[in-house]
Amino acid sequence: MSKAVVSTLYDSDVFRMACRQFDQAADAINLPEEIRDRTKYPRRCIAVSLPVKRDNGAVTVFEGYRVQHNLSTGPSKGGIRYHENVTLGEVAALAMWMSWKCSLVGLPYGGAKGGIIVNPRELSPGELEHLSRRYMQELIGFVGPQQDIPAPDVGTNEQIMAWMMDTYSNHVGHICPGVVTGKPIALGGSQGRREATGAGVAYLVDKYLVDMKIPINGVSVAIQGFGNVGSEAALALSSMGAKIVAISDYTGAIYNAAGIDIKKALTYLQSERILKDFGGGEAISNEQLLETECTVLIPAALERVITKENAPKLKCRLLAEGANGPTTNEADRVLERRGDIEVIPDVLCNSGGVIVSYFEWLQNLQSFYWTRDEVIEKLHGILDRAKESVEYQKRKFKFGRRLAALTLGIARVAEAKQRRGLFP
Ligand code: GLU
C-alpha cells in the first residue's frame, strides 16, 4: 500500500519537532495506525498575499497564512503572529500545538494558527491597520464564530483584534464580536484576557513549587521574553513574592541578583519600546539568561530556544514553558536524562490565554458579561483540573510530564475523529 506524503508543504525544523512529539505520544498510547495521520496533519492551510499601500505611496505585498489543524472537535482556535521569521511550517506546528492544548484543558475547539511575515515595528499604525484588515478580508470565507476564531500571539495585540473584528462585522452587516478573541473590553473583550496567559503561567508555577516543597517567597525567576506573556508572568510572580532576577527582549537581557523592579521596567518599555539601556541590572546575553542560576526559568518568546547545547547547562529547578515549543526534542531527552528539572510543558503552562479566550467567546455568544473575579475563578478551576489530569497520567503510565500532557490532548482528538468516522 502506498503511503501518501502530506507534509512536504510544512517541512521545517519546527514542524518536524511537533511531528516527532506526536509520533512519540502516539506510540506511547498505541494509537491505532489508521487514525494517526488524520490526527497528526493539518486539515487545511490558506496562504494569502497582502498588498499594503505604504505611507510613502509605495505598495508592499506581505505574505500571510492561516493553518487550521483540526476542526473535528469544534471551531478551530489560535492566535495570529506578526514576525519577520514566520514560515508556513512554523504556523502549522503552532496550529498542531493549539489542537493538543485545547483538547488537554477540555475546550470545545480544534487548533489553528495564523501568521504574517512582517516586522510590525517597521509599520506605521495606519499601515498596520491596512495589513490587519486585508488579512481578515482574505480569510472571510474561512473564519467565523463557528468556524475559526483568531486571537493575539507574538507581535499582535488588542487593537489588531479590534480592526479584524470590525472588518468581519462590516462584511456580515452586524457586529460580530465572537469572530476573534483578545479584543479591547469596550468591544466585547473579556476581563482578565490581557493578563491571562502570563497569570496562568504564574498560577501553575506557584502550584508546582508547592508540590516541590519550595516556598515561593524570595524564589528567583528568570524570564526570556518580555512581551505580553513574559511581562504579565513577571508581574504576577513578583506580586506572589518571587524575585525576578533576569528579563530580556530581542535587544538583550538584564540580570540583577537582588531582583528587577518589574513595574519600572514596564514603564520604561512604554516610552522606549525596547529594554535596551533600561539599566536596572547588569547587561547579559539572551543565551546567558537561559543558563542563569535560578529556581524558575520561563522561556516566554519563540520556539526552540532550549537546545541540546544549552540543556545540559540549565541551572533552574523548574522550567515553565510560557512560549509554545521552546524545547527541542533533543533538549527534552537531555532534561529527561538529567532528571533534576521539573518541566511544565507549553500545552499546559501557557493554556491560560486560550482558556480566557474561550470565556470571551462564550460571553460574546451570550451577550452576557462576567466579572473579573468570575473569570479568574473559572480559569483557576480549569487549570487545576488540567494539572491534576496531567499528574495522574504521568503517575499511571510513568511518562514524563510533556508526554503525559500530549497523550491526553492527542487521545481526545483522535477519539473524536474515530467516533465521527470518515466522510466518504
Ligand atoms: N496565542 C495564544 C496561544 O498560543 C492564545 C490563543 C487564543 O487565545 O486563541 O495559546
Side-chain angles (χ1 to χ4, degrees), residues 14 18 65-71 73-83 86 90-116 139 143-158 160-161 164-165 177-184 188-201 204 225 227-230 232-233 298-303 320-326 344-364 375 379 382-383 386 405 409:
V14 62
Y65 312 109
R66 184 79 180 163
V67 176
Q68 297 172 345
H69 176 261
N70 154 38
L71 291 150
T73 47
S76 51
K77 185 88 195 79
I80 298 169
R81 175 169 297 194
Y82 286 6
H83 195 280
V86 159
E90 178 194 35
V91 176
L94 290 162
M96 205 162 160
W97 288 322
M98 283 309 301
S99 285
W100 318 145
K101 189 185 323 190
C102 291
S103 166
L104 169 68
V105 300
L107 307 182
Y109 290 139
K113 204 80 170 199
I116 301 180
L139 288 181
V143 296
Q146 300 302 337
Q147 270 193 83
D148 180 20
I149 308 140
D153 194 76
V154 175
T156 52
N157 56 26
E158 290 177 0
I160 291 174
M161 295 305 115
M164 291 189 178
M165 191 276 268
V179 65
V180 293
T181 58
K183 300 178 293 295
S190 177
Q191 296 288 343
R193 174 62 185 88
R194 189 187 302 168
E195 55 272 42
T197 313
V201 170
L204 288 169
N228 175 268
V229 180
E232 291 294 346
I298 307 181
L302 299 171
E303 308 87 53
E321 297 184 336
N324 292 308
I344 316 179
D346 50 4
V347 287
L348 173 64
C349 192
N350 67 38
S351 63
V354 72
I355 293 170
V356 179
S357 273
Y358 167 58
F359 297 160
E360 181 173 330
W361 178 77
L362 280 182
Q363 293 170 77
N364 295 153
V375 168
L379 167 65
I382 293 187
L383 288 175

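Just follow the structure's listing: the first ligand is 1, and inside any ligand the first atom is 1. Quick note: numbers below take in every heavy atom, side chains included, and nothing from hydrogens, waters or symmetry partners.
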Should Ser190 and Val375 count as side-chain neighbours, where that means a heavy-atom distance under 4.5 Å? yes

Give the table of side-chain donor-acceptor pairs shorter than 3.5 Å for residues 92-100, with sequence neighbours excluded, one pair per line with atom names and distance.
{"residue": "Trp97", "atom": "NE1", "partner": "Gln21", "partner atom": "OE1", "Å": "2.8"}
{"residue": "Ser99", "atom": "OG", "partner": "His69", "partner atom": "ND1", "Å": "2.7"}
{"residue": "Ser99", "atom": "OG", "partner": "Gly111", "partner atom": "N", "Å": "3.1"}

Side-chain donor/acceptor of Thr73 to backbone N/O of Tyr109, under 3.5 Å: yes

When rounded to the nearest 0.5 Å, the distance separating CD1 of Ile382 from CG of Leu107 is 6.0 Å

Any residue meeting ring-ring contact (aromatic ring centres under 6.0 Å, His included) with Tyr82, in chain and number order, not counting sequence neighbours: none

May I have all residue pairs that pass salt bridge (Lys or Arg N to Asp or Glu O under 4.0 Å) and include part of residues 145-154, sequence neighbours excluded? Arg66-Asp148, Arg81-Asp153, Lys113-Asp153

Report all N/O contacts between ligand 1 and the protein shorter than 3.5 Å as a table of atom names and distances to 0.1 Å; if there are none, say 'none'.
{"residue": "ligand 1", "atom": "1 (N)", "partner": "Pro152", "partner atom": "O", "Å": "3.0"}
{"residue": "ligand 1", "atom": "1 (N)", "partner": "Asp153", "partner atom": "OD1", "Å": "2.8"}
{"residue": "ligand 1", "atom": "4 (O)", "partner": "Lys101", "partner atom": "NZ", "Å": "3.3"}
{"residue": "ligand 1", "atom": "4 (O)", "partner": "Lys113", "partner atom": "NZ", "Å": "2.9"}
{"residue": "ligand 1", "atom": "4 (O)", "partner": "Asn324", "partner atom": "ND2", "Å": "3.0"}
{"residue": "ligand 1", "atom": "8 (O)", "partner": "Arg193", "partner atom": "NH2", "Å": "3.1"}
{"residue": "ligand 1", "atom": "8 (O)", "partner": "Ser357", "partner atom": "OG", "Å": "2.6"}
{"residue": "ligand 1", "atom": "9 (O)", "partner": "Lys77", "partner atom": "NZ", "Å": "2.8"}
{"residue": "ligand 1", "atom": "10 (O)", "partner": "Lys101", "partner atom": "NZ", "Å": "2.6"}

